[in-house]
> 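Take this structure, written in structure tokens, and hold onto it; I'll ask about it next.
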Amino acid sequence: MSTVTSEGTQTHGESAKPIEAIESAIVRFVGDSGDGMQLAGTQFTTTSAVFGNDIATFPDYPAEIRAPAGTLAGVSGFQINFSSRDIHTPGDKVSALMAMNPAALKANIADLEDGGLLIVNVDEFSVPNLKRAHYESNPLDSDAFDRYRVYKIPITKHTFEAVKETGLSTKDASRCKNFYALGVAFWLYDRPLETTLAWINQKFAKVPAVAQANTLALKAGYHFGETAEIFTVRYRIPRAKLAPGKYRNLTGNQATALGLIAAARLAGKPLFYGSYPITPASDILHELSLHKNFDVRTFQAEDEIAAMCSVIGAAYAGAIAVTGTSGPGMALKQEAIGLAMITEVPCLIINAQRGGPSTGLPTKTEQADLWQAIIGRNGECPVPVLAARSASDCFSAAIEAIRVAVKYMTPVILLSDGFIASGSEPWRIPDAADLEKIEIKHADDAETFQPYERNAAGSRPWAIPGTLGLQHRLGGLEKADVTGDVCYDPDNHQHMIELRARKVQNVANDIGDQEVFGEPSGDLLVASWGGTFGAVWSAVQRAQAEGHKVSHMHLRWLLPMPKNTGAILKRFKKILVCELNMGQLQFVLGGHFAIESEGLHKVQGRPFMIGEIHEKIVQVLGGQTP
Amino acid sequence: MSTVTSEGTQTHGESAKPIEAIESAIVRFVGDSGDGMQLAGTQFTTTSAVFGNDIATFPDYPAEIRAPAGTLAGVSGFQINFSSRDIHTPGDKVSALMAMNPAALKANIADLEDGGLLIVNVDEFSVPNLKRAHYESNPLDSDAFDRYRVYKIPITKHTFEAVKETGLSTKDASRCKNFYALGVAFWLYDRPLETTLAWINQKFAKVPAVAQANTLALKAGYHFGETAEIFTVRYRIPRAKLAPGKYRNLTGNQATALGLIAAARLAGKPLFYGSYPITPASDILHELSLHKNFDVRTFQAEDEIAAMCSVIGAAYAGAIAVTGTSGPGMALKQEAIGLAMITEVPCLIINAQRGGPSTGLPTKTEQADLWQAIIGRNGECPVPVLAARSASDCFSAAIEAIRVAVKYMTPVILLSDGFIASGSEPWRIPDAADLEKIEIKHADDAETFQPYERNAAGSRPWAIPGTLGLQHRLGGLEKADVTGDVCYDPDNHQHMIELRARKVQNVANDIGDQEVFGEPSGDLLVASWGGTFGAVWSAVQRAQAEGHKVSHMHLRWLLPMPKNTGAILKRFKKILVCELNMGQLQFVLGGHFAIESEGLHKVQGRPFMIGEIHEKIVQVLGGQTP
Amino acid sequence: MSAIDTPLKPKDFKSDQEVRWCPGCGDYSILSQMQKVLADVGAEKHNTVFVSGIGCSSRFPYYMDTYGFHGIHGRAASIATGVKIANPDLTVWVITGDGDGLSIGGNHFIHTIRRNIDLKIVLFNNRIYGLTKGQYSPTSEVGKKTRSTPFGSIDNPIHPIAVALGVEVTFVARCVDVDVKNMISVLKRAAAHKGTAFVEVYQNCNVYNHMAFAYASDKKTKDDHVLYLEHGKPMIFGKERDKGIRLNGTMPEVVDLGSGISQDDLLIHDEKAAEPTLAYLLSRMRYPDFPEPMGVFRALEAPTYEAVLMNQIEEATRQKGKGNLNELFGAGDTWEVN
Amino acid sequence: MSAIDTPLKPKDFKSDQEVRWCPGCGDYSILSQMQKVLADVGAEKHNTVFVSGIGCSSRFPYYMDTYGFHGIHGRAASIATGVKIANPDLTVWVITGDGDGLSIGGNHFIHTIRRNIDLKIVLFNNRIYGLTKGQYSPTSEVGKKTRSTPFGSIDNPIHPIAVALGVEVTFVARCVDVDVKNMISVLKRAAAHKGTAFVEVYQNCNVYNHMAFAYASDKKTKDDHVLYLEHGKPMIFGKERDKGIRLNGTMPEVVDLGSGISQDDLLIHDEKAAEPTLAYLLSRMRYPDFPEPMGVFRALEAPTYEAVLMNQIEEATRQKGKGNLNELFGAGDTWEVN
Ligand SMILES: Cc1ncc(C[n+]2csc(CCOP(=O)(O)OP(=O)(O)O)c2C)c(N)n1
Ligand SMILES: Cc1ncc(C[n+]2csc(CCOP(=O)(O)OP(=O)(O)O)c2C)c(N)n1
Ligand code: SF4
Ligand code: SF4
Ligand SMILES: [Mg+2]
Ligand SMILES: [Mg+2]
């Protein structure tokens, strides 16, 4: 993927090595869970972002907290795609792989592009470690890696030497290896050290020996690149032309949390977040619980059912009420979501999807909870559903979801997934003053109040306990139109089911028309939803550039869909639906619009690669490039 | 609906009144919850069945145990359709309505056919009772009911008089009113009293005064018909030509219970039934718990989650393991059903659907849990789903479901609904010797055993704890093909998801081709599923008789569908899907086959009437009868 | 509507909904006493919320002219928790049954109690599932024949007060549906308690479990089967008040007063005891071996969940200032693109 | 494979799966002791089943060469209940964590215990959610700073043994991960118990809650903070065995032996007491005010759920004969059509 630009090679700063300017690169740090790869990756990301590249990242860690050192089960990785262009995914094939042990090498080598850089910590290629990784012999001694540019560095030894003067224990000294590796990577891609050095000093202010050791390791790695004779070239990725503004790197979960806090503030309400920890949603809870000075009231419930029910209570009592979970927890919440739906209280349920079924692949990404979200409850129980398309998009998706919930007095489901929830990308920081207020008008007139009277949007009044004279009772039994009294009348039941369904359909009035990227008609429409946006968009761009008559439709709203969705679908000869499941959106499109389509279905716990989508597009179009 | 046969009128036995022979009649007993209408209805049913009519019944009772006497909320009803022909529904319009009080009259009068018999207990039409029923004045005094044949009988007074000699308290004497009303009905339809008299004597053997009182009341009602001058005619419905054999009247829940017991016996296994009470499924638990001598082990769990999990454990340990519930309980079980699905243990989940969403209309019928059953779980989690089509069909559906579960090592979902679960119909009692054995071969060879090795059906071995040398571990994490070890490998995940999906599809090899009632192609195919079979079938028959080119496809299997389903659909110009929901099967057919269809959607807590389906058929076909 | 100045009467707490329990159901009495108590303690209709689950008992909120929420089965305490956290100024009552609160809702019951959030939980214990027509419940006695246990139930019953003490409830009391005076005093005490107050009411289901508590409600016999707890007073009971409870090691025993045993030998009730062991011991006194204690077992002051939560919010706001969105957005490592 | 004749060794209970806990995790010790105990008590691999929920602790079954089921979060006891009812001959262990067993699984925990079904429940209490990376759990102390409580937790902790006693558990015991000797004796007693046996193990999570139980595990200090319970023996503790527990009314107190106080004044442990009040009182003795009891709090014989169930089945079969399908089908009112 990384391509040499027309600028060719040049030298830079004080470096004696030639610097090649390239458009983008993909670096992946891999090692043992205990090796600090997530940290190295994050630092590389921040530095690149501050430097001015567009970036996208993909952390990948095992389900065990710390599987036995050196085993395949314990491999942890962090990938960064950084570029001088707009990018939307962490990238397909890796340009440079930093492997801290044999297991990490084994688990990741397949993703390294031909000719890519392979940097290994040779010190860890001992016989026991090779055995733990199920290598029969040392692969570095074979010709298996001839198609890569292999650099064997004794990272462990170098690190020990570098930090000797700090007097740290062997164990602590060994912990600095990641900074050494990071130093090498910084040198290789011509990144400044300042951001990381500042971070180290702040983070370890209370343990100066550690701060010093990490600093020494980082610099040692950097200097190694410069002085050792093994690297013949280094790279530079120029600044990207991003929209001007202040940026910050944010995971989807952080963005969600900020969106929720903002929404509550825009509504002038306390934020109630009732949740039960579950990967990959827990970080929303963690982030929110830090911000109590925004009148954020977090409640760690005893389970997901209690969490959802507490949300119903909080919504009834007038808070902006939200819960977050992942697939199995979502299953547990469904009965209570039905209660929120029939009582028509406004609230938000976030599902950061992970690999299923059942416990499945809990730390991996997947999009297989779409059906569950839109039609997985008992009875006729439609609930608006939308999906965020990237980490930073979670911010606005959260605000939009709350806006719909309170306007339509309904639970809303927001889908993200492990990939965007834990992955991060740059976020252009908005000015709070530019965010539109969320208008809430509670019922307050005792003379005219009727709990189930509807306004033009089909929504009922939000009357909160504490309001004089508005005493009323809500519940899960069918209720009479207008009064809300319990009612078993047959026609009323049909009427109420229709009113509730129509209300959800009315949300389509607020979400605008469905956008199409590319021509409004053509040979092929590629449809996608959720966190696969970047990959699908990039693949379609590539195919368009090749001259294919292909467009891209990314659905943010899954229920209801924008009003023109059906019309768009009918303007293309073929439809290809790409999703990280076995065809859930595809089925839904068939159900709604009676259309035939092809599907690209990936369920491997991993995001799409641009290449595989592009390949599929070309194949569906007959296999030929125009 | 009741039509005069060519036999015309005749007299019968010692009766002085003319008897008109008719083909069928629909009687509905309605009164207060405390009035014993369910009992009267059941007795009328049994008597008619023993007499030799084909019958179908529909009990309808309020969600409250006993709402305040005389209120609309407390009205309880029981409808019987009895005929000399094959019938499949409790009927549309009522031929005779026996109303015990004003509220019951008000709630039911709309269903009485023009010219129908209206028999009211005038004694209860007091001012307070009229008020409780929200009648401004006594409707019996107006001309509101001129189009019916109204008979005002002082049932309360007559009953008191009849039972005086027993010395019962007023309260107890009053309880005999239902037998008086039943007596009137028996006379009117020329039914013998023996069956009910025998029942009374057995039931109240320990309280002879009550037995005597009920006997007296029953006979008084009967004699009133004969001697009072008010009835000018009575009716006889001759025996039906039913398949020869021994019959019994059975509710769907009873039939389910018998099917489960039979299945366990056919498999040579104990039956484990773990459940939490919920209307309308509880009767399965009640029925099963009576039959401990069949090695039936019932477990009333603390909630539905525990029930489902206990089923998983019991299945793992080698029992025929079953749970039953209704919509809200089903929602709670979904997470655990996912576990059963990924661990591939055989079990059965029964959902007797009721009106939703949420608590909805808990005692009413609906079919709105189809989506929940087939695609309502987290992750890619397909589970075979079938639906019983009538009360007695629950027996064979239960056996078939167990057969599939143990053959394919999978949870199976069996859908019934409030209508067929609580409604009853005659069941031709099979000979146990004719039921096909359920072959189960547990793994036992420690040398070759692999927990996730698959056979030709795609199924894995059932190895149960206690088997020497076969120790293995199951769990909800993704597992490696063949070995079943925990495995996070991306390709393995995709592979396993595909294997599991394929296994469920393989069930289509066992369920035969989809049947079509009528011509294999034509203008219209009416599709249905579940407990609406009888009404849809009858309506299509009627339309066919009128010359319409319409056929009927009733889906027993919803996942997978029979292999020829798509082909059938494509052979008709139009498709009409009739279901007691807002179009769930319709959506699913669109998703699978990309077909357009029309829907008849009824969500009123009530079964379909033949008439309304017939009307819709004619309308879809252009409104004209050929 | 603006009746806040004139004191409310019991009937002011009656909603316009028809009460739909079976005639003779014990729930009627509880409803009346609750309406009376609310009037007596000067409750405000608009600041009072009744939350329930599913069951006959859980229909209660419909009949109160306050705010109300009829939830789903077993989850009343969780819904109520959300209400209270969202608006700690509200007075929140939870109405539940032995099935709703202890079977499907058992987990929320114990966790709500341990948090000591200020909810008043009233459990209508009729030892049966009423609404689903008569299956045994977690409080049904062993051997009970019901629709789901035709050969007799085989589960050991749960004792709600013991369970509550297992999670160290700060207020716990018991009363009987027909014992109006005691119920009123217990409900008033619960209303006044700050923290989770749990009240078990023995309630007669005259349709499916008639007379289950006859020993404790029948005027003729109840004095011998019931012990009214009074703080600081010796534990005396019996029609003639001639019997008492004495401690023998860690075991209670019934003694006859007179002939060598005086009031001074008896256990003194201490509802404020920091250790809940005494209350636990009382919860273990059961018919027919012991008189069953009625009244307040335990009433201890302790910080409430919502108070500590709001403190944390105030404290955070004091320290960091009221949250500013732009500061929040711009925190951490940022960079400028021009 | 046919090793039933030669006695099994601890290593025979090791499965072929790589153990994947963090190095230094307390779970390792529990695993070793369990393997040793099973060998010692002559357990059969093929008749032993380990069932767990979700959490670090719940990975346990994978590492045992017995039958095993790694369930879903909180539901281990329910799955195990099904196993035991389907086949009462199996020995069934439940492995759970403080989050798994007491937070999401709290309801199944109490109901399983009250039924007294013969399961051995071992709860690894590390006072933290390990697998989800360090949120507070129901057993975390007030004020605990975790990822979900950066300002300190505000929930009062749950005490597993007190909860179990709230539902009158028939066997309950406690031990510490590193106190191998005591753990082995406790697990053996649990293995021998008929009925629900509940064992709480204090387990160190050295990643997210390191040293949470240092007071009870550190060789230097633990003798002063731990009280080993011995049936029929006075409650003595302390490095010099110079301290004891005395009863004051219903309250325990720590006393120094000597100078007027002798062993005879001390509480005598009675694990067989029919009334669980003593055990409850022991469950309330907590660090730092009291030494924390280790060993068996209570061990009472009582009918087990599965035994009574199977009795009912046998009795029904005796009375009605082994079920005959044709009789079943043809029961009730029937009629013939010819
Ligand atoms: C999830 C779910 N499971 C089961 C039910 C059925 N159900 C309704 S009320 C009830 C038990 C009622 O018993 P209890 O709480 O003791 O209340 P009571 O009717 O005795 O007052 C049950 C099992 C339900 N509504 N929802
Ligand atoms: C339904 C559901 N909710 C939440 C989770 C996430 N989860 C997994 S383990 C766990 C808690 C683990 O804590 P504990 O039981 O104490 O076990 P430990 O890891 O400490 O041994 C949670 C919340 C889940 N897997 N499933
Ligand atoms: S069934 Fe029992 S608890 Fe329910 S209303 Fe009737 S008497 Fe009361
Ligand atoms: S996170 Fe804690 S409990 Fe989990 S394996 Fe690591 S040390 Fe053990
Ligand atoms: Mg009850
Ligand atoms: Mg834990």
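Numbers restart at 1 for each chain; the letters A, B, ... are given by sequence-line order, proteins then strands. Just so you know, these numbers come straight off a predicted model, no measurement behind them.
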> Please flag which part of Leu290(A) lies under 4.5 Å from any non-hydrogen atom of chain C: side chain, backbone, both or neither.
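It is the backbone, since no side chain atom gets that close.
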> Which of residues 305-312 of chain C get closer than 4.5 angstrom to chain A, counting heavy atoms alone?
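So far as heavy atoms go, Tyr305(C), Leu309(C), Met310(C), Gln312(C) are the residues that approach chain A to under 4.5 Å.
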> Checking heavy atoms, do the side chain of Phe299(A), its backbone, both or neither come under 4.5 Å from chain C?
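Both parts, backbone and side chain.
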> Do Arg473(A) side-chain atoms and Tyr63(C) backbone N/O form a donor-acceptor pair below 3.5 Å?
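No.
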> Which answer fits Val311(A), side chain, backbone, both or neither, if we ask what part of it has an atom under 4.5 Å from a heavy atom of chain C?
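For Val311(A), no heavy atom lies under 4.5 Å from chain C.
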> Which bit of Leu271(A) is near chain C, if near means a heavy-atom gap under 4.5 Å: side chain, backbone, both or neither?
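For Leu271(A), neither part sits under 4.5 Å from chain C.
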> Heavy-atom pairs under 4.5 Å with chain C are the metric here; pick the option from Ala314(A), Ala301(A), Ala198(A), Ala317(A) that has the most.
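Most pairs with chain C among the choices: Ala314(A).
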> Can you confirm whether Gln319(C) is buried at CD, in the sense that more than 12 heavy atoms of other residues, nucleotides or ligands lie under 6.0 Å from that atom?
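Atom CD in Gln319(C) is crowded, with more than 12 foreign heavy atoms closer than 6.0 Å.
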> Ignoring hydrogens and angles, tell me if any N or O in the side chain of Arg75(C) forms a donor-acceptor pair with the backbone of Ser310(A) under 3.5 Å.
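Here the side-chain-to-backbone pair does not exist.
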> Looking at chain A, which one of Val51(C), Ile313(C), Asn47(C), Asn324(C) has the largest number of heavy-atom pairs inside 4.5 Å, strictly under?
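So the answer, after comparing Val51(C), Ile313(C), Asn47(C), Asn324(C), is Ile313(C).
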> Please classify the contact of Thr298(A) with chain C as side chain, backbone, both or neither, using a heavy-atom distance under 4.5 Å.
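For Thr298(A), the contact with chain C is made by the backbone alone.
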> When only pairs under 4.5 Å are counted, which of Ala306(A), Pro244(A), Pro465(A) shares the most heavy-atom pairs with chain C?
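If we count pairs closer than 4.5 Å to chain C, Pro465(A) comes out on top.
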> For the interface with chain C, which of Gly475(A), Ala315(A), Cys309(A) has the highest count of heavy-atom pairs at distances below 4.5 Å?
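Highest number of pairs under 4.5 Å: Cys309(A).
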> Are the side chains of Leu339(A) and Ile79(C) in contact, using a 4.5 Å heavy-atom criterion?
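With C-beta onward as the side chain, the pair touches.
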> Take Tyr67(C) and Leu474(A) through the test side-chain contact (heavy atoms from CB on, under 4.5 Å) and record every step on the way to the result.
CA-CA 9 Å; Tyr67(C) 285 88; Leu474(A) 303 181; over 6 Å; no
> Picking from Ala319(A), Ala262(A), Gly274(A), which has the most non-hydrogen pairs under 4.5 angstrom with chain C?
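Going by pairs under 4.5 Å, I would pick Ala262(A).
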> Working note: Ile312(A) + Phe69(C), criterion side-chain contact (heavy atoms from CB on, under 4.5 Å); need CA distance, chi angles, decisive distance, verdict.
CA-CA 10 Å; Ile312(A) 293 174; Phe69(C) 207 106; 3.5 Å; yes
> For Gly321(C), does its backbone N or O pair with a side-chain atom of Asn293(A) as donor and acceptor, under 3.5 Å?
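Indeed, once roles are kept as given, a pair shorter than 3.5 Å links the two residues.
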> Could you give the distance from CD1 (Ile305(A)) to NE2 (His108(C)), rounded to the nearest 0.5 Å?
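It is 5.5 Å, given to the nearest 0.5 Å.
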> Can you tell which part of Glu336(C) gets under 4.5 Å to a heavy atom of chain A, answering side chain, backbone, both or neither?
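Contact with chain A is through both the backbone and side chain of Glu336(C).
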> With rounding to the nearest 0.5 Å, note down the distance linking OH in Tyr62(C) to CG in Leu477(A).
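Here the interatomic distance stands at 4.5 Å.
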> Rounded to the nearest 0.5 Å, what's the gap from OG1 on Thr195(A) to CG on Asp333(C)? Could you check?
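Going from the OG1 atom of Thr195(A) to the CG atom of Asp333(C) covers 7.0 Å.
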> Quick one: CG on Asn326(C) to NZ on Lys246(A), what's the gap to the nearest 0.5 Å?
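Rounded to the nearest 0.5 Å, the CG-NZ separation comes to 8.5 Å.
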> Quick one: closest heavy-atom pair of Gly313(A) and Val83(C), and the distance?
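The pair with the smallest heavy-atom distance is O-CG2, 3.3 Å.
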> Grab the two heavy atoms, one from Ala316(C) and one from Lys292(A), that are nearest each other, plus how far apart they are.
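Here Ala316(C) and Lys292(A) meet closest at CB-CB, 3.8 Å.
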> Contact part of His472(A) toward chain C, heavy-atom cut-off under 4.5 Å: side chain, backbone, both or neither?
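Interface part for His472(A): both.
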> At a 4.5 Å cut-off on heavy atoms, which part of Phe272(A) comes close to chain C: side chain, backbone, both, or neither?
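Looking at Phe272(A), just its side chain touches chain C.
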> Select one option (side chain, backbone, both, neither) describing which atoms of Ala336(A) are under 4.5 Å from chain C's heavy atoms.
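For Ala336(A), backbone and side chain are both near chain C.
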> Which of the residues Ile54(C), Asp89(C), Asp65(C) is involved in the greatest number of heavy-atom pairs with chain A at under 4.5 angstrom?
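Most heavy-atom pairs under 4.5 Å with chain A: Asp65(C).
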> Between Arg59(C), Glu315(C), Arg318(C), who has the most heavy-atom pairs with chain A when the cutoff is under 4.5 Å?
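Among Arg59(C), Glu315(C), Arg318(C), the one with the most close pairs to chain A is Arg59(C).
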> Below 4.5 Å, heavy-atom pairs only: which of Thr66(C), Leu90(C), Thr81(C) has the largest tally toward chain A?
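The answer is Thr66(C).
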> Is it the side chain or the backbone of Phe51(A) that comes within 4.5 Å of chain C heavy atoms, both, or neither?
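Neither part.
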> Just give me the residue among Leu242(A), Leu250(A), Leu258(A), Thr467(A) that pairs up with chain C most often, heavy atom to heavy atom, under 4.5 Å.
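Option with the greatest count: Thr467(A).
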> At a 4.5 Å cut-off on heavy atoms, which part of Ile429(A) comes close to chain C: side chain, backbone, both, or neither?
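Answer is side chain: those atoms of Ile429(A) sit under 4.5 Å from chain C.
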> Any chance you could measure Ile72(C), atom CD1, to Glu335(A), atom CD, to the nearest 0.5 Å?
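So the gap between those two atoms works out to 3.5 Å.
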> Between Pro430(A) and Phe329(C), which heavy-atom pair has the shortest distance, and what is it?
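Heavy atoms only, the tightest pair is O-CD1, 3.6 Å.
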> So which of Asn87(C), Ile85(C), Ile110(C) has the biggest tally of heavy-atom pairs under 4.5 Å with chain A?
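Looking at each of Asn87(C), Ile85(C), Ile110(C) in turn, Ile85(C) comes out on top.
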> Could you pull out the closest heavy-atom pair between His46(C) and Gly469(A), with the gap in Å?
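Smallest heavy-atom distance, with atoms named: CB-N, 4.2 Å.
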> Among residues 113-123 of chain C, which residues come closer than 4.5 Å to chain A, judged by heavy atom distances?
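The residues closer than 4.5 Å to chain A, in numerical order, are Arg115(C).
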> Are any non-hydrogen side-chain atoms of Leu325(C) and Phe294(A) less than 4.5 angstrom apart?
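When only atoms from C-beta onward are counted, Phe294(A) and Leu325(C) do touch, with a gap below 4.5 Å.
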> How far does OG1 of Thr48(C) sit from CD of Gln471(A), to the nearest 0.5 angstrom?
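Thr48(C) atom OG1 to Gln471(A) atom CD measures 8.5 Å (nearest 0.5 Å).
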> side-chain contact (heavy atoms from CB on, under 4.5 Å) for Asn249(A) and Trp335(C)? Distances and angles first, verdict last.
CA-CA 9 Å; Asn249(A) 207 29; Trp335(C) 66 94; 4.1 Å; yes
> Are there over 12 heavy-atom neighbours, none belonging to Lys320(C), within less than 6.0 Å of that residue's NZ?
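Result for NZ/Lys320(C): enclosed.
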